[in-house]
Each structure stands twice: as structure tokens, then as C-alpha cells.
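Read the structure below first, then the notes.
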There are 2 protein chains.
Amino acid sequence: MKIGELAKRSGLTAHTIRYYERIGLLPYADRDRSSRRDYDASILVWIEFLGRLKTTGMPIRDMLLYAELRDRGSGTEAERRALLERHRESVRAHVDELNACLLALDTKIGGYAETEQRMKDYDATLPERRRKPVGARSARTR
Amino acid sequence: MKIGELAKRSGLTAHTIRYYERIGLLPYADRDRSSRRDYDASILVWIEFLGRLKTTGMPIRDMLLYAELRDRGSGTEAERRALLERHRESVRAHVDELNACLLALDTKIGGYAETEQRMKDYDATLPERRRKPVGARSARTR
DNA sequence: CTACGTGTTCGAGCGCACTCTAAGTCAAGA
DNA sequence: TCTTGACTTAGAGTGCGCTCGAACACGTAG
């Protein structure tokens, strides 16, 4: 599989695939006689895994750490597992936070929903907004 | 309340507060005789609201849009509500996605957990990783 | 033979959201 | 009076994760 095909299948762009290889997120790919990358379908498994780490907010530097542990092979399983478990905890915490925000958002939206008559502008309970006075450079003489 | 105090109470830095004012996320604050910002406690309500939008992944440009609608006052409630509702949907979708990733992560971690004997290296099922051969600039003569 | 499409490398550029620096101002306490 | 420290401004710099451009190399179809 050439890079264009892999791009299509993985959802990454060819640019991004090369970038990932450059930084070490993807292994250095085999090249054909004319130096073109030729991929085995199994690379998709790894890319999908990286995608999940990315979706869940793991920074590239941590994915890199995981990739390096994997490169070192056996003897690093405990560390890899620990890394994943720490990440899982942070994702769970984030999901909790998002759910709390969703509740608050429901309340806020509920405020807008309340009888258009009785509550013309729910936001009026928040402070009045002012703009920067143009021209006048504040009270200072400068 | 001076900017230092607001920074402490809001969790933002004074730098960030000034930056938010500059871009229009925070209203232009009243200044005392010596041009220093003097805040009313009510600003905290707005900052907390912005914090929730930020936590849930809303880009600043959208918060700005909301802030501008609020500035325009009544007549914009429907649009503000719609903006929030669209955002709520995207947050819900993201939470679903995160939960799906959490399931996959559980499976992955479960793989590491499986009897250390039978599965020395679960990752061995993934493609072998290679490194870029140093020196040798591929087969090409250049 | 030539044109085209797809690939290659290196390195610069971008959008986002801050984060920090420099140089100056001011009020209050020793 | 002097010093300290919290503030002011405009503007430059940072870190992240891509994203793009330029110039060149192949292989195949017409």
C-alpha cells in the first residue's frame, strides 16, 4: 500500500503520515526501489490506536513515550500498562468534568427557554458589558 | 477588585485576563484614577461561564460570537440559545466518543493484564517497528 | 518521447491560545 | 524622600500539531 492509499484508509493526510514518521510516531516505512513508502495493512491497527489516544487528548509526546517503550519490546509491558492506566484515569476525570459542564449548560439553556414573556434577557443577570472607549487613552495624560 | 485579586479568584493569570479583554472576551474594565482595572465581583460569573465553554472545547472565536450577541442585547436570545444548543450537541457527541475510546482502552489494558506467562508481549500482534537506517540515504544515488 | 500522476525531501509557515518582556507609572509604607 | 511591588501598555515569543511549498524523481499511458 502506497502512502496515498494509506491516507485514504486511515483518514490522515499523506503530509501527516510523513510527519508522524519523522517524529517517530510511525515506524520508518519500507521503501520500494524508487524510495516510495510501501505499507502493510497492519499499520492501520497502530494508526487507529494512535487515533484513540489523540481523541482522548493524549499529547504527542506521551504517544511517543509509548511508541518508544513498544520499540524496546518485552520488559516494558508494566510501564506501558501504567502509562495507559494513568491516561485512562485522566480521560475518566475529563468525562466527569464534561458531564458536569453539560448539566450547567442545560440550566443555562433552560434559562433561555423560560417563557419569553417573563424573561426577556436571562443574561441581564450577568454584569453589563462595556467597550473600550475609542480615542480617549484613559484618564492619563501621556 | 484589582487584577491580581481577580486572577487569584478566577484561576486565570493577570496576563490572560488582559489578553481576554484585548480580544473582547471580557468587557473593557473600569479603571481607577491611575488607569488600573477595578473589577466588580460579578465578572466572576462570566469568567466561570467562559471556563465551562473552554473546558468543553469551544474555540475562542465562538465564545467571542456569543459575547458579541450578548453585547447586542435583547433580540439575540434565540441565536445565543441556538449557539449553546449546537455546542451542547457537539459536547455530547464528544463524550460518547470518549466513552467508546475508554472501552477500547479497557480492552487494551486487559491485554496487558492477561497472565504474564501466556502473553509476554501483547503488542507483538502489532506490526514490527523499524527505525530509519542512519547514514544510508536509501537506495537512491543522489 | 512526453506528459501526468504520485511520490520524495527539506524546511518554512500557520492557527490557536496563551505567555512573557520591556519600559514605564503610581500609591503606600519605612 | 526613597523603595517596593502591583500595576500599565505594546508587542514579541512560545509550544503544539499540523500543513504547505518548492524542487525533484519515478513509472506508466498515450
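Chain identifiers are assigned alphabetically (A, B, ...) following the order of the sequence lines, protein sequences preceding nucleic acid strands; residue numbering begins at 1 within each chain.
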Would you mind telling me which residue lines up with the more 5' stretch of DNA chain C, B/Y20 or B/H15, judged by nearest nucleotide?
B/Y20

Using a heavy-atom cut-off of under 4.0 Å over every strand shown, decide if A/I23 touches base, sugar-phosphate, or nothing.
nothing

For the residue pair A/K2 and A/Y39, would you count it as a cation-pi contact if the rule is NZ or CZ under 6.0 angstrom from the ring centre and within 45 degrees of the ring axis?
no

What is the minimum heavy-atom distance between A/D106 and B/R92, and which atoms define it?
OD1-NH2, 3.8 Å

Closest to the side chain of A/S34, out of C/dG7, D/dC26, D/dT19, is D/dC26

Rounded to whole angstrom units, what separation is found between the CD1 atom of A/I3 and the P atom of D/dA25?
19 Å

Measure from CG on B/D62 to P on C/dG15 and round the result to the nearest Å.
17 Å

Between B/R61 (CZ) and C/dA17 (C1'), how many Å, whole number?
11 Å

side-chain N/O A/K54 vs D/dG17 OP1/OP2, d < 4.0 Å
no

Rounded interatomic separation in angstrom, taking CZ from B/R18 and P from D/dT9:
7 Å

Touch check for A/R37, heavy atoms < 4.0 angstrom, all strands: base, sugar-phosphate only, or nothing?
sugar-phosphate

If I take atom OH in residue B/Y19 and atom P in nucleotide C/dG15, what distance separates them, rounded to the nearest angstrom?
14 Å

Between C1' of C/dT8 and CG of A/L6, the distance in whole Å:
16 Å

Decide yes or no, distance alone: a donor-acceptor N/O pair under 3.5 angstrom between the base of D/dT8 and the side-chain of B/R31.
no

Side-chain contact check for B/I60: nearest option of C/dC18, C/dA12, D/dG17 is C/dC18

Proximity to the side chain of B/P59 - top-ranked nucleotide from D/dT19, C/dC18, C/dA17:
C/dA17

Quick check: does any side chain N or O of B/D38 sit under 3.5 Å from a backbone N or O of B/M1, one acting as donor and the other as acceptor?
yes

Is any N or O donor-acceptor pair between the side chain of A/R36 and the base of D/dC26 shorter than 3.5 Å?
yes

B/L50 atom CG is separated from C/dC18 atom P, nearest whole Å, by 10 Å

For the residue pair B/C101 and A/T56, what are the closest heavy atoms and their distance?
CB-CG2, 3.3 Å

Would you check if the side chain of A/S35 reaches a backbone N or O of A/R31 as a donor-acceptor pair within less than 3.5 Å?
no

Please report the distance, rounded to the nearest Å, between CG in A/L64 and C1' in D/dG17.
13 Å

